[in-house]
Amino acid sequence: MNGIKTPSVPAVDKALSALELLAQSRTGLTLGEVTRRMGLPKSSVHCLLLTLERRGYLHRNAKSRYLFGLKLFGLANMALSGIGLREKALPFLKALMARTRLTVHLAMLEQGEAVLIEKVEPPNVYRLATWLGKRMDVHCTGVGKALIAHLPEEEVERLVRERGLPRHNDNTICSLRRLREEIARTRRLGYALDDEEDELGARCIGAPIFDGQNKVVAAVSVSGTTVQVTSENLAAISEQVKECAASITAVLS
């Protein structure tokens, strides 16, 4: 090929940029808002959004705001179903939920964020506002800290440079020094703790899952309210999360 790179298709690139932009908004965006943020002619953006809407990837609500369509969710579920890790881990996640009666999450690290690929909820309890595909900050969540705890220090620093350390509340870690300390603690104890750092009134305990090459490929966590996860039962629940992570690791090794 003489070093010549095959060019990308501009129209496809713009359409994907529009989808990524809409993914950042829970309430959707209007045509004008998408146009301003993409910096493209309104007519071009309208054609892009209209095409995606006709194909079922987007829909417009009563306020003319564009939101993800059901077709996107279907494709996402197909992709998630194809992840072998999810299938192998599910029996252990269900067992952990049964023992702790807490919501269990399985996540992977992608582009500096923890992405939830499985969720198992106990019946008749407080339901957390999480869903498959949700992206979460790694510096203030139990599952996120577990995912980055064994990364090289330079990789952690790169993530912080690129994504920052957004403050969710007064408990959130907002300095690289504190994050390093938290990572060292996580490595020492074998589990990570989100003590109301992401959301006030909620605690999360996460542990890393390793593959056959001793590389962290995912993390498992349990989440609950501060009434459910207390200083009295924290040690016992942490051991159960670690045991679950170790069992999944053994299957993958």
inquiry  = Hydrophobic clusters here meaning ILVMFWY residues chained together by side-chain heavy-atom distances under 4.5 Å, can you tell me if L48 and L31 are in one?
reply    = no
note = Residue pairs meeting side-chain hydrogen bond (donor to acceptor under 3.5 Å, both in side chains), one or both in residues 176-186, sequence neighbours left out, come to K145-E182, E153-R180, E157-R180, R177-E181
query = Which heavy atom in E87 sits nearest to a heavy atom in P91, and how many Å separate them?
reply = O-CD, 3.6 Å
note = Per side chain to side chain donor-acceptor pair (under 3.5 Å), R203 is matched among T225, D195, D194 by D195
query = Within the distance-only criterion (no hydrogens, no angle test), does the side chain of N169 pair as donor or acceptor with the backbone N or O of N171 below 3.5 angstrom?
reply = yes
query = Do side-chain atoms of N233 reach the backbone of Q228 as a donor and acceptor pair under 3.5 angstrom?
reply = yes
Those residues that, when tested against V138, pass side-chain contact (heavy atoms from CB on, under 4.5 Å) (two or more places apart) = L109, A114, I148
ask   = Linking I/L/V/M/F/W/Y whenever their side-chain heavy atoms sit closer than 4.5 Å, directly or via other members, would V216 and L252 fall into one cluster?
value = no
request  = Determine the minimum heavy-atom distance between A218 and L147, stating which atoms define it.
outcome  = C-CD2, 3.5 Å
query = Which salt bridge (charged side-chain N to carboxylate O under 4.0 Å, His left out) pairs, counting each pair once, include a residue from residues 92-103, with sequence neighbours left out?
reply = none
ask   = Counting only N and O atoms by type, is there a donor-acceptor contact under 3.5 Å from the side chain of N61 to the main-chain atoms of L67?
value = no
Sequence-distant partners of A89, side-chain contact (heavy atoms from CB on, under 4.5 Å), two or more places apart = L93, L106, I248
remark   = The complete set of salt bridge (charged side-chain N to carboxylate O under 4.0 Å, His left out) pairs with one or both residues in residues 43-54, sequence neighbours excluded, reads E53-R60
request  = Answer with yes or no whether the hydrophobic clustering places V241 together with L189; edges join I, L, V, M, F, W, Y residues whose side-chain heavy atoms lie under 4.5 Å apart.
outcome  = yes
ask   = Are E162 and R158 within salt-bridge range, i.e. N to O under 4.0 Å?
value = yes
query = Does R167 use its side chain to pair, donor to acceptor, with the backbone of C174 at less than 3.5 Å?
reply = no
task = Would you mind reporting whether I205 and L102 have side-chain heavy atoms less than 4.5 Å apart?
result = no
Pairs where residues 206-220 contributes a residue and the test side-chain hydrogen bond (donor to acceptor under 3.5 Å, both in side chains) is met, not counting sequence neighbours = none
remark   = For S223, the side-chain contact (heavy atoms from CB on, under 4.5 Å) test, sequence neighbours excluded, returns H105, L128, C204, S221
task = With sequence neighbours excluded, give me every ring-ring contact (aromatic ring centres under 6.0 Å, His included) pair touching residues 219-253.
result = none
query = By ring pair (Phe, Tyr, Trp, His ring centres under 6.0 Å), which residues pair with H150, not counting sequence neighbours?
reply = F210
note = Closest non-hydrogen contact found for C140 with T172 is CB-CG2, 3.9 Å
message = Going by side-chain contact (heavy atoms from CB on, under 4.5 Å), Y57 matches just one of L22, L52, T51. Which one?
response = L52
request  = Taking H46 for its side chain and T35 for its backbone only, find out whether a donor-acceptor pair lies under 3.5 Å.
outcome  = no
request  = Looking only at non-hydrogen atoms, find the nearest pair between M38 and S17 and report the distance.
outcome  = CE-CB, 4.0 Å
remark   = Residue pairs meeting salt bridge (charged side-chain N to carboxylate O under 4.0 Å, His left out), one or both in residues 231-253, sequence neighbours left out, come to E239-K242
task = Could you identify which residues cluster with V143, counting Ile, Leu, Val, Met, Phe, Trp and Tyr as linked when any side-chain heavy atoms lie under 4.5 Å apart, either directly or through a chain of such contacts?
result = none
query = So, the side chain of E33 versus the backbone of T30: is there a donor-acceptor pair under 3.5 Å, distance only?
reply = yes
query = Can you name the side-chain contact (heavy atoms from CB on, under 4.5 Å) partners of V9, sequence neighbours left out?
reply = V12
